[in-house]
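Presented below is the structure to which this report refers.
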There are 2 protein chains.
Amino acid sequence: MAKDDKRELLLQATLELVAKQGFHGAPCAAIAEHAGVAAGTIYRYFDNKDVLINELYLTLEQKITTALLEGYTLEMPFRERFLHLVKGVLKFFITSPLEFKYMEQFHHSPYGVAFRRDHMLGQTESGGSCSIYSELFTQGVAQQVIKDLPHVLLFDLAFGPIISVARNHILGFIQLDETLIEQIAEACWDSLKR
Amino acid sequence: MAKDDKRELLLQATLELVAKQGFHGAPCAAIAEHAGVAAGTIYRYFDNKDVLINELYLTLEQKITTALLEGYTLEMPFRERFLHLVKGVLKFFITSPLEFKYMEQFHHSPYGVAFRRDHMLGQTESGGSCSIYSELFTQGVAQQVIKDLPHVLLFDLAFGPIISVARNHILGFIQLDETLIEQIAEACWDSLKR
DNA sequence: ACAAAATGAATGATCATTCATTCACTACTC
DNA sequence: GAGTAGTGAATGAATGATCATTCATTTTGT
């Protein structure tokens, strides 16, 4: 068995259990069983449950950033870059329902609160994708192609609908296809453009 | 002491504790203490904790609907009605941070999942404000003033940003004023209008 | 004095975490 | 190559903490 195999198994089991049943449905005993190891083994790979939960979250953040940066260059026209990011986030989430559900649960739990407290203080956010958006909005406002609003609001206008739409797709309330994704992204653009 | 006084005290205590500390920070013992009653008293007014949690949620839904309907008539011009609802939701939430936080916690918890399972099956949703939006979108699409998209998506486009913005205001990441609220509502309109 | 309301210690269930023990595997000896 | 000791990984029963809920008892209002 490969060296960090059990570590991966535990992360995957946590992802699935939390995504499908929430944190309440993912006690250590269940995580271990689902990973095919004993409860005590968790503590050989992670200091405690909180560390496991947080490391998984960081892994997923990294996965999104990597996916978004694929085919993204600063040389692309502004509007095209915006649409690339918006559609990229939406497509990532609807093709990764477990990841979406996990991250959403995380955000609205004591873990998410603690995470923000610990990480959001350093304004620009460490290795995340925050700087991508910041750069984009700064340029868009300077070029007067998008509304002159605080970055936080621009972010909410652009990605608030995306999260909402992704959730409804994953919960089965709507079935998105390429055409609808295009229309949604255009609508987000309409809401930002000057 | 008035008749249902303790019932109200328990609901208020639950609202405050859950909003501020999440469901993890609101055990029955704490709720009772915060309400100034004994733990056992909870069960004189509510069958169990789940009933308390759900009744509080229904109360808050009712409060929003009432607030939204104030000054809203079907005779108003379409665009004005849309802006009324969007601004109404936003203003309700930023003036009721505890209510916002409670509802958000509720949505992303086992309670919210169970609630959707039990109530969302009856399509049009019982006494909620769902029919208001449904009526509005149907008319807007028919009049060709907004995009021809599924109602679910129209709802996400309109209110996804509102929830996001309200959260960031309440968490202190942005300070909304009347001007900004106006601009946000207009941006939501831009994203829907044809 | 009676009934309804309120109390809060006791109960039993559920968890995260620990740690004494077992297991699997390598290295070393003869 | 058979036997043996050494080592870290893995186990899972036991522990202690935290909860929701109950109910025998007390308090309050009439």
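- Relative to the side chain of Asn48(A), the nucleotides dT17(C), dT21(D), dG12(D) differ in distance, and dT17(C) lies closest.
- Closest approach to the Ala38(A) side chain among dA16(C), dA20(D), dT11(D) is made by dT11(D) (side chain taken as heavy atoms from C-beta onward).
- Here dT14(C) presents its P atom at 17 Å from CD1 of Ile31(A), a figure rounded to the nearest Å.
- A straight line from CD1 of Ile42(A) to P of dC15(C) spans 13 Å, rounded to a whole angstrom.
- Using a 4.0 Å cut-off between a side-chain N of Lys or Arg and a carboxylate O of Asp or Glu, Glu178(B) and Lys87(B) do not qualify as a salt bridge.
- Between Lys6(A) and dA10(D), a side-chain N or O to OP1/OP2 separation shorter than 4.0 Å is present.
- Residue Tyr45(B) places no side-chain N or O under 4.0 Å from the OP1 or OP2 atom of dA5(C).
- As a whole-Å value, the separation of Tyr43(A) OH from dT17(C) C1' is 5 Å.
- Atom-to-atom, CG of Asp47(B) to P of dT21(D) comes out at 10 Å; the value is rounded to the nearest Å.
- Between Lys147(B) and Asp190(A) there is a salt bridge, since a side-chain N of the basic residue sits under 4.0 Å from a carboxylate O of the acidic one.
- Salt bridge Glu16(B)/Lys101(B): absent, no basic N to carboxylate O contact under 4.0 Å.
- Arg44(B) has no side-chain polar atom (N or O) that falls below the 4.0 Å cut-off from OP1 or OP2 of dA6(C).
- Salt-bridge check for Glu135(A) with Arg81(A): passed, with a basic side-chain N closer than 4.0 Å to an acidic carboxylate O.
- Closest to the side chain of Thr41(B), from the set dA6(C), dA16(C), dT21(D), is dA6(C).
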